[in-house]
Amino acid sequence: MAAKVILLALRLVIGGVFIFAGAVKAWAAQDFAREIQHYAIVPWPGLIVALAVYLPWVEMLAGFAVVLRRLYLGALVAIAGMMLIFTCALTSAWARGLDISCGCFREERESIRANFPALLARDLGLLAGACVLLAAEFRVRRRGHAL
Amino acid sequence: MFFNAALRTSRSDFSKLPARADFPFGFENVAAGSVGFAIRAGGDSSSAMSRARIGEVISQALRQLGALFALALVPALISGAIQLKWREASPPGEEVVLSMAESWGDKVLWVDARSRAKFERGHIAGAVLLNEDEWDRLAPAFFDAWMPDKIVVVYCDGGSCDASHDVARRLRNDFKIENVHVLKGGWDAWPRK
């Protein structure tokens, strides 16, 4: 019972965070494109724009899917994958000494260099949460019944 | 069609999977390759079932992932078309190169959007410090230096910082100052003498 409550809370938190993160960036594609560009990871401007337009909607839909339990497994895989990529990008920017903001939420002013431990902890926490949900769902389905 | 298939699968109950003897041949191909091997090798029935389910769950997750990506494409294309056509986060010509800014001569008011420590280590002559961390404290000094006929040029560290864009945007939005630019390349572009 306690495990179910924890998993439900985790689901709502992770889904809510992704809905929020996607919603605030979905209509600010040019701002988000600049944030992505500052990471200096993606070399093609066209791809940066495409990512800036597309990624917030994937985040938002994945968030809704997790909260509503529709396309649930796929959404969890997407969230875990995105968190892994975001964590790598964050670490890479920090390692290269870039003085840029995270770009995770639109209004965020957190410099990566100044807040790296907190940002890393947040990303790893979300990644761990997604993995826990994924493992729980996988285990239940492998046994042949849905939650 | 793909989306419907993914949804149908997401609603399916895996407890209804057929017993080992009832598996159609095609299933071996759909699920993980190891399933067929386990069955052919005469492995344990429950183990084969378990592997079949693992394969099916992975396959289902991938189908749903594809459906999710496909679904996101529709609003992304619409919002992208609208935003790229009608909206501009940065006004045209916001970024200026150093030679352009220098050609404006005394009309330029340089604004240093970096931290106080970096400003104190070195800055463009005559620049005023204005960053988001100390915005309220530094704004009065900015207005002491600013005149309506001035062209404000904001800079931060270099090409990979966005503090200058943020400060420029706040100058436009909060103080309604129109003639605000950002120095392309930032402090790194400034010639050291």
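Letters go in sequence order (proteins before strands), and every chain restarts at 1. Just so we're clear, the structure is a prediction, and the values are computed from it rather than from any experiment.
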(message) If I compare all heavy atoms of B:Phe69 with all of A:Tyr54, which pair ends up nearest, and what's the gap?
(response) O-OH, 2.6 Å

(message) Restricting to non-hydrogen atoms, name the atom on A:Ala65 and the atom on B:Leu68 that form the minimum distance, rounded to 0.1 Å.
(response) CB-CD1, 4.2 Å

(request) Spell out, yes or no, whether A:Val13 and A:Ile6 are grouped together once hydrophobic residues are joined by side-chain heavy atoms under 4.5 Å, including indirect joins. (result) no

(message) Can you confirm whether more than 12 heavy atoms, excluding those of B:Lys184, are under 6.0 Å from its NZ atom?
(response) no

(request) Identify the heavy atoms of B:Ala76 and A:Val53 that sit nearest to each other, and give their distance. (result) O-CG1, 3.0 Å

(message) Is A:Ala62 close to chain B through its backbone or its side chain, or both, or neither, when contacts mean heavy atoms under 4.5 Å?
(response) both

(request) Over all heavy atoms of both residues, which pair between A:Val58 and B:Ala72 is shortest? Give the atoms and the distance, please. (result) CG2-CB, 3.6 Å

(request) Looking only at non-hydrogen atoms, find the nearest pair between A:Trp27 and B:Ser79 and report the distance. (result) CH2-CB, 3.6 Å

(request) State whether the number of non-hydrogen atoms from other residues, nucleotides or ligands found under 6.0 Å of A:Phe86 atom CZ is greater than 12. (result) yes

(request) Indicate the atoms forming the closest heavy-atom contact of A:Leu73 with B:Gln64, along with that distance. (result) N-OE1, 3.0 Å

(message) Nearest 0.5 angstrom please: A:Phe138 CZ to B:Ile54 CD1, how far?
(response) 5.0 Å

(request) Name the option with the most non-hydrogen atom pairs under 4.5 Å to chain A; the candidates are B:Pro75, B:Cys156, B:Ala163, B:Ala61. (result) B:Pro75

(request) Report, as yes or no, whether the 6.0 Å neighbourhood of atom CG on B:Asp106 holds more than 12 heavy atoms from other residues, nucleotides or ligands. (result) no

